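To start, the structure itself, in structure tokens.
Small disclaimer: the values here were computed from a predicted structure and weren't measured.
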Amino acid sequence: QVQLVESGGGLVQPGESLTLSCAGSGGSSLDGYAVGWFRQAPGKEREGVSCLSSIDSVTYSANSVKGRFTMSRGNDKNTVYLQMNSLKPEDTASYYCAVIDIATMRPGTCIGSIASWGQGTQVTVSS
């Protein structure tokens, strides 16, 4: 099972930017895996934000973040990033990365069997 560690969350003002990172740890590697970023705000269900296939094709980006958030994989293939620009208060949530079983992943979505979750990182957007 791939172990995941997220980092990069924090408190920012509306309009500012943050970059979240997710890396495999403990000998795990994200190379070759489909990976997704999800978020969960208080009182709301967890939702897919952006997902990347094993061949680094972005399969999904939520409408609420299109044009503002960009998901990418690092050159080391072991780290994925979520660059978040023009942050809004409604982006406040705990953000999680996850490894998705590519065999179950529905094309064009973040929907699939989750193989591993990270521990999450908090993003708070507030003035």
Side-chain angles (χ1 to χ4, degrees):
Q1 187 175 9
V2 179
Q3 298 175 18
L4 305 172
V5 178
E6 300 105 332
S7 61
L11 171 63
V12 296
Q13 295 188 347
E16 294 186 338
S17 299
L18 276 176
T19 300
L20 305 183
S21 301
C22 172
S25 68
S28 302
S29 174
L30 297 182
D31 190 11
Y33 284 95
V35 185
W37 283 101
F38 298 79
R39 67 184 181 185
Q40 187 167 20
K44 294 188 177 181
E45 293 187 355
R46 190 171 296 188
E47 63 173 350
V49 175
S50 187
C51 289
L52 200 65
S53 74
S54 55
I55 56 171
D56 292 348
S57 170
V58 176
T59 64
Y60 175 81
S61 223
N63 287 333
S64 59
V65 306
K66 281 181 181 176
R68 300 188 298 122
F69 290 12
T70 303
M71 184 175 181
S72 62
R73 194 186 299 265
N75 290 334
D76 65 355
K77 301 296 184 180
N78 189 46
T79 307
V80 292
Y81 302 97
L82 186 68
Q83 173 68 44
M84 306 185 294
N85 298 326
S86 302
L87 282 160
K88 303 177 181 180
E90 51 263 43
D91 295 318
T92 295
S94 293
Y95 283 72
Y96 301 86
C97 68
V99 169
I100 305 168
D101 181 352
I102 192 68
T104 66
M105 198 169 177
R106 295 185 194 175
T109 75
C110 281
I111 299 172
S113 177
I114 302 297
S116 298
W117 286 105
Q119 84 286 355
T121 186
Q122 178 67 34
V123 172
T124 303
V125 185
S126 175
S127 55

Non-hydrogen atoms of S25 and V5 that approach each other most closely: OG-CG2, 3.5 Å
Heavy-atom closest pair, residues C51 and T109: CB-O, 4.2 Å
Side-chain donor or acceptor of Q119 paired with backbone N/O of E6 under 3.5 Å: yes
Cluster overlap V65 with V123, hydrophobic side-chain contacts below 4.5 Å: yes
Rounded distance [0.5 Å steps], CD in E47 versus CD in Q40: 9.5 Å
Hydrophobic cluster identity match, M105 and W37, side-chain contacts under 4.5 Å: no
Min side-chain heavy-atom separation S64-E90 under 4.5 Å: no
Cluster link V99 to I111, ILVMFWY, side chain under 4.5 Å: no
Exercise: identify the closest heavy-atom pair between R73 and L52: CB-CD2, 3.8 Å
Short side-chain to backbone donor-acceptor contact, T92 and V125, under 3.5 Å: yes
S116 side chain vs Q1 backbone, donor-acceptor pair below 3.5 Å: no
Cluster link I100 to W117, ILVMFWY, side chain under 4.5 Å: yes
Check: N78 side chain, L30 main-chain N or O, donor-acceptor pair, under 3.5 Å: yes
Closest approach of A98 to I114 (non-hydrogen atoms, all atoms of both residues): CB-CG2, 3.8 Å
S86 backbone acceptor or donor facing R68 side chain under 3.5 Å: yes
Shared hydrophobic cluster, L82 / F38 (ILVMFWY, side-chain heavy atoms < 4.5 Å): no
Side chains of D91 and M84 in contact at under 4.5 Å (non-hydrogen atoms): no
Nearest atoms (heavy-atom pairs only) where E16 meets V12: OE1-CB, 3.4 Å
Side-chain heavy-atom pair P14, K88 within 4.5 angstrom cut-off: no
Over all atoms of both residues, closest heavy-atom pair of C110 and S50: SG-C, 3.7 Å
Sidechain-backbone polar pair: T104 side chain, S113 backbone, donor-acceptor under 3.5 Å: yes
Parallel, tilted or perpendicular, as decided by the 30° and 60° cut-offs, for the rings of F69 and Y95: tilted
Beyond-backbone contact of M71 with V49, side-chain heavy atoms, under 4.5 angstrom: no
Y81 backbone acceptor or donor facing S21 side chain under 3.5 Å: no
Within-4.5 Å side-chain heavy-atom neighbours: K77 and S29: no
Expected output: side-chain Q3 to main-chain S28 donor-acceptor under 3.5 Å: no
Between Q13 and S127, a side-chain donor and acceptor under 3.5 Å: no
